[in-house]
Amino acid sequence: MTEKTFDAGDFTLEHVREHVWELPQEGDMRVPARVLANEALLEQISDDKTLEQLRNTTHLPGIQEYAICMPDGHQGYGFPVGGVAALDAEDGCISPGAVGYDINCGVRMVKTNLTYDDIQGNEEELLNSLFANVPTGLGGGAVVDNAPVEEILDRGVEWAVEAGYGVEADLAHCEDEGVRPEADPQTVSQKAKDRGRNQAGSLGSGNHFLEVQRVTDIYRDDVAAEFGLREDQIVVLIHCGSRGLGHQVCTDYLRDIEQTHEGLLNQLPSKELAAAPAGSQLAEDYYGAMCAAINFAWTNRQLITHQTRQVFERVFDRSWEEMGMELLYDVSHNIAKKEVHTVDGEDNELFVHRKGATRAFPAGRPELPPAYREVGQPVIIPGSMGAGSYVLRGGEHSLEETFGSTAHGAGRLMSRTQAKNEYWGEDVMDDLREDNQIYVKAESGATVAEEAPGVYKDVDDVVSVSDALGIGDTVARTYPVCNIKG
DNA sequence: ATGTAC
């Protein structure tokens, strides 16, 4: 270790090597904590609670190696958004706060064989038709009214495909093939199910969006060819989660775990990290309920994919198959999952908590579908609505550095309240259209202000750290064409 | 993120 340090508010980080910074283990910390970032990104987390929350995480029983903060990390509920914590699945614990309220918030990319030329002039028709056919905003609205929630919780995208909202190939291009088999609908409260019943196929609000984009840059020709991506291609990005259902699951189990496992809670530096010991009834139940909410979120994105395909069919008067509207991949950003990782030469089953972090498995991992087993997993990292997004490929160092994870987005720079003081939604939309030919339509102007490009970090910085560390390699970059949101 | 609050 070098002598170099970074003074981040109340914390001093030691420089391990390029882009790797460490909070040394001290006091009741069970392991050190690591931040993967350049100095500009570190500066941006020096004044909030990100580092305090990261350090708190190192107190969780069973934590392995390090608590890790990705380059896009910022403060969240109890645990940083952009945090990764791997906890022993036998002797450790599971923590709802380290998964987040929006269980399986995530993103999928739908490819097309259209080019930017094909859709120029159609942007507003596309925008309006997408907005009319994809429910957005807080509260109700759904593609499927009175949906069979129990079956969705149990079977995920398999249900959607059987019901005619997708094809078999969609399953093969979704993390875990669109189904978490450990899902246990019986552990999901009636209240959560009631909230989900009329939200199956809805975008929601906040940072969630559906964006038509064009591919502007290819960085790795061979990988891009395997992924079916090329310059000037039109793609669609769908970013949303498990809506009120997942939120209710988190709320229900946080309260229950706080009460039932008060002894463990009292050993932790923050109530927001409440955790259930591995093997306890509540750990089992929360895992089953979280997996069920995961299935709901995947189905949600599948139903929105179906609507998107139909909109494209009407606007361009061709079938979606003719337009090549196949899934590239669907990745989770908020999840805890049992995975086997090698620690100190031994294979251990761990609850890998990724909150605002993406699984980024390299070639060879058995979990990857056949299409990506030789090349590595596609990772999709959305930027702000003014910046576009990146497609990465799980890097060969991800398993040793981050339990197979990388960043999930640009990361917020300021709170929603602060954003609303700085920006006015209508002005943001006018600027994007006039200066960048980006068409935005939203349920609420306030949401546009909260999500203005200026409230986000530079996604280029985030991705360059991932690429330099070899945890997620850049493959392609996209730029927005039109965007709908809540 | 969220029927934006217990």
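The structure presented is a predicted model; accordingly, all values stated were derived computationally and were not measured. In what follows, chains carry the letters A, B, and so on, assigned in the order in which the sequence lines appear, proteins first and then strands, with residues in each chain numbered from 1.
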**Student:** Would you classify A/G244 as touching base, sugar-phosphate or nothing, given that sugar-phosphate means primed atoms plus P, OP1 and OP2, and contacts are heavy atoms under 4.0 Å?
**Tutor:**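 Touches sugar-phosphate only.
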**Student:** Any luck finding a side-chain donor-acceptor pair between A/S405 and A/R354 under 3.5 Å?
**Tutor:**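 Yes, A/R354 and A/S405 have a side-chain donor paired with an acceptor closer than 3.5 Å.
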**Student:** Mapping A/L138 and A/H239 onto DNA chain B by nearest heavy atom, which one lands closer to the 5' end?
**Tutor:**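 The residue whose closest nucleotide sits nearer the 5' end is A/H239.
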**Student:** Using atom CG of A/D194 as one end and atom C1' of B/dT2 as the other, report the distance to the nearest whole Å.
**Tutor:**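 After rounding, the gap between these two atoms is 16 Å.
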**Student:** Provide, to the nearest angstrom, the distance between the CD atom belonging to A/E450 and the P atom belonging to B/dT2.
**Tutor:** 11 Å
**Student:** In whole Å, what is the span from the NZ atom of A/K485 to the P atom of B/dT2?
**Tutor:**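 Spelled out: NZ on A/K485 to P on B/dT2 is 11 Å.
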**Student:** Ring centres under 6.0 Å, that's the criterion: do A/Y329 and A/F227 meet it?
**Tutor:** no
**Student:** Counting the atoms with a prime plus P, OP1 and OP2 as sugar-phosphate, which does A/S205 contact under 4.0 Å by heavy atoms, base, sugar-phosphate, or nothing?
**Tutor:**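 Since only primed, P, OP1 and OP2 atoms lie under 4.0 Å of A/S205, the category is sugar-phosphate.
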**Student:** Look at all strands and tell whether A/K191 reaches a base, only sugar-phosphate, or nothing, counting heavy atoms closer than 4.0 Å.
**Tutor:** base
**Student:** Suppose we screen for ring pair (Phe, Tyr, Trp, His ring centres under 6.0 Å). Which residues come up paired with A/H208, at least two apart in sequence or across chains?
**Tutor:** A/H239
**Student:** Between P on B/dC6 and CG on A/D252, what's the gap in Å once rounded to a whole number?
**Tutor:** 13 Å
**Student:** Considering only NZ, NE, NH1 and NH2 on the basic side and carboxylate oxygens on the acidic side, decide whether A/R412 and A/E451 come within less than 4.0 Å.
**Tutor:** yes
**Student:** Mind running a 4.0 Å heavy-atom check of residues 411-421 of chain A against DNA chain B and sending the residues that fall below it, in number order?
**Tutor:**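 Result for residues 411-421 of chain A: A/R416, sorted by number.
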**Student:** Would you kindly give the NE2-to-C1' distance between A/H247 and B/dA5, to the nearest whole Å?
**Tutor:** 11 Å
**Student:** Roughly how many Å is it from CD in A/E451 to P in B/dT2, rounded to a whole number?
**Tutor:**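 Nearest whole value for this atom pair: 11 Å.
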**Student:** Can you tell if the side chain of A/P453 reaches within under 4.5 Å of the side chain of A/V428, non-hydrogen atoms only?
**Tutor:**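 Of all side-chain heavy-atom pairs linking A/V428 with A/P453, at least one is under 4.5 Å.
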**Student:** Take atom CG of A/N300 and atom C1' of B/dT2, then tell me their distance rounded to the nearest Å.
**Tutor:** 14 Å
**Student:** For the atom pair CZ (A/F296) and CD (A/Q199), what is the distance rounded to the nearest 0.5 Å?
**Tutor:**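 Going from the CZ atom of A/F296 to the CD atom of A/Q199 covers 6.5 Å.
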**Student:** Tell me if the centroids of the rings in A/Y372 and A/F361 come within less than 6.0 Å of each other.
**Tutor:**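 So the answer is no for these two rings.
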**Student:** Measure from CD1 on A/I103 to C1' on B/dT2 and round the result to the nearest Å.
**Tutor:** 12 Å
